[in-house]
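The next block holds one structure in the form of structure tokens; read it before the comments.
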There are 2 protein chains.
Amino acid sequence: MKSRLNPQYEARARIIKAMAHPSRLFIIEELQKQERCVGELTEMIGSDTSTVSKHLSVLRNAGLVSDEKRANSIYYTLRCPCVMDFIGCVEEVLSANAKEHENILKCCKK
Amino acid sequence: MKSRLNPQYEARARIIKAMAHPSRLFIIEELQKQERCVGELTEMIGSDTSTVSKHLSVLRNAGLVSDEKRANSIYYTLRCPCVMDFIGCVEEVLSANAKEHENILKCCKK
DNA sequence: TTCGTATTTTGCCATATAGCCAAATAGAAG
DNA sequence: CTTCTATTTGGCTATATGGCAAAATACGAA
């Protein structure tokens, strides 16, 4: 990380990095629909509770989600729903990649 | 990565991960304005050429940029300009975070 | 208080990443 | 062919990350 870039780029990268994990993308998508507690998310994801808890703390530290304790569970909410816009664009990249792949295959066959 | 999530989340995460670095965010932003070759980007970023080259290959492997050789330089272009939409949202998160921080400080002072 | 449930933290290991330098490669120019 | 320039690759080290299991914490209920 030795560069003379504006620190703003690091701040942005921190946020994006917090999203750059399959489980965390799932969590973001799920919380956009409704708030959820750790246990529920753990159940859906299918890995260790402690692992999911860490993912949630990554998202919380990035300011992407907020938490609220109710009864004896902690409920997480998506703070900036706009992050879901990311997904649409990412899908666009993925389908562009798929198309390219297809073209390459088509070429080879001929 | 032991979870029973749909593989689609991994594909998305790969793309987002490719963006999750200050230098690579800079490159994306720069390429959105105009195509650039490795040397130019290296100059702007201020780290080793090999480092920048590796960043570019990360972006290329993710399908985010494409390259074209002309004369004796390789010019890189942004393939899906929509990725720039990310930035607006990320900035929204950052300013929400800043606001929260401010509120916390305000509370403490009183 | 003690018990029980939900969540977080810690410790440890395996793997991945970023960075630089040096060596390898590609191709234009002479 | 040889040289020069631009870029990539390999080798290395340091650091960061993800995962699980176990211990610690928080807190409502009995």
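Everything numeric here is computed off the predicted structure, so don't read it as measured data. The chains referred to below are lettered A, B, ... by the order of the sequence lines, with proteins before strands, and numbering in each begins at 1. What's counted below: heavy atoms across the whole structure, side chains too, no hydrogens, waters or symmetry copies.
Using a 4.0 Å cut-off between charged side-chain N and carboxylate O, A:Glu29 and A:Arg24 make no salt bridge.
When side chains are defined from C-beta on, B:Cys37 does not count as touching B:Ile74, because their heavy atoms never get closer than 4.5 Å. Side chains of A:Val90 and B:Phe86 form a contact here, defined as non-hydrogen atoms less than 4.5 Å apart. The closest side-chain heavy-atom distance from A:Cys89 to B:Asp85 is not below 4.5 Å.
Atoms CD1 (A:Ile45) and P (C:dT7) sit 13 Å apart, rounded to a whole Å. Remark: P of D:dA16 and NE2 of B:His21 are 12 Å apart, rounded to the nearest angstrom. Regarding A:Leu41, its CG atom lies at a distance of 13 Å from the C1' atom of C:dA6, rounded to whole Å. A straight line from CG of B:Leu25 to P of C:dA18 spans 12 Å, rounded to a whole angstrom. Whole-Å rounding puts the A:Asn61 CG to C:dT8 P distance at 11 Å. Summarising the geometry, the separation between CZ on B:Phe26 and C1' on C:dA18 is reported as 18 Å, rounded to the nearest angstrom. Whole-Å rounding puts the A:Glu43 CD to C:dA6 C1' distance at 14 Å. Between the P atom of D:dA16 and the NE2 atom of A:His55 lies a distance of 18 Å, rounded to the nearest Å.
Nucleic acid contact class of A:Ser47 (heavy atoms, under 4.0 Å, all strands): sugar-phosphate only. Counting non-hydrogen atoms under 4.0 angstrom, A:Arg70 reaches nothing in the nucleic acid.
In this structure, the helix from C:dT1-D:dA30 to C:dG30-D:dC1 shows an angle of 20° between the axis at its start and the axis at its end, each fitted on 5 base pairs and rounded to 10°.
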Heteroatom pairs (N/O) under 3.5 angstrom, protein to nucleotides 7-9 of chain D:
residue, atom, partner, partner atom, Å
D:dT7, OP1, B:Val38, N, 3.2
D:dT7, OP1, B:Ile74, N, 3.3
D:dT7, OP2, B:Gly39, N, 2.8
D:dT8, OP1, B:Tyr76, OH, 2.6
D:dT8, OP2, B:Ser53, OG, 2.7
D:dT8, O5', B:Ser53, OG, 3.3

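Side-chain atoms of A:Tyr76 and A:Glu68 form no donor-acceptor pair, as typed in the model, at a separation below 3.5 Å. A side-chain donor-acceptor contact under 3.5 Å links A:Arg79 and B:Asn97.
The ring-ring contact (aromatic ring centres under 6.0 Å, His included) test applied to A:Tyr75 returns no partner, not counting sequence neighbours.
For the atom pair B:Ile27 CD1 and B:His21 NE2, the distance stands at 9.0 Å (nearest 0.5 Å).
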In sequence, state the C-alpha distance, the side-chain angles, and the governing distance for A:Leu31 and A:Arg36, and then conclude on side-chain contact (heavy atoms from CB on, under 4.5 Å). CA-CA 6 Å; A:Leu31 295 186; A:Arg36 291 289 194 184; 3.7 Å; yes
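Between A:Lys17 and D:dT17, a side-chain N or O to OP1/OP2 separation shorter than 4.0 Å is present.
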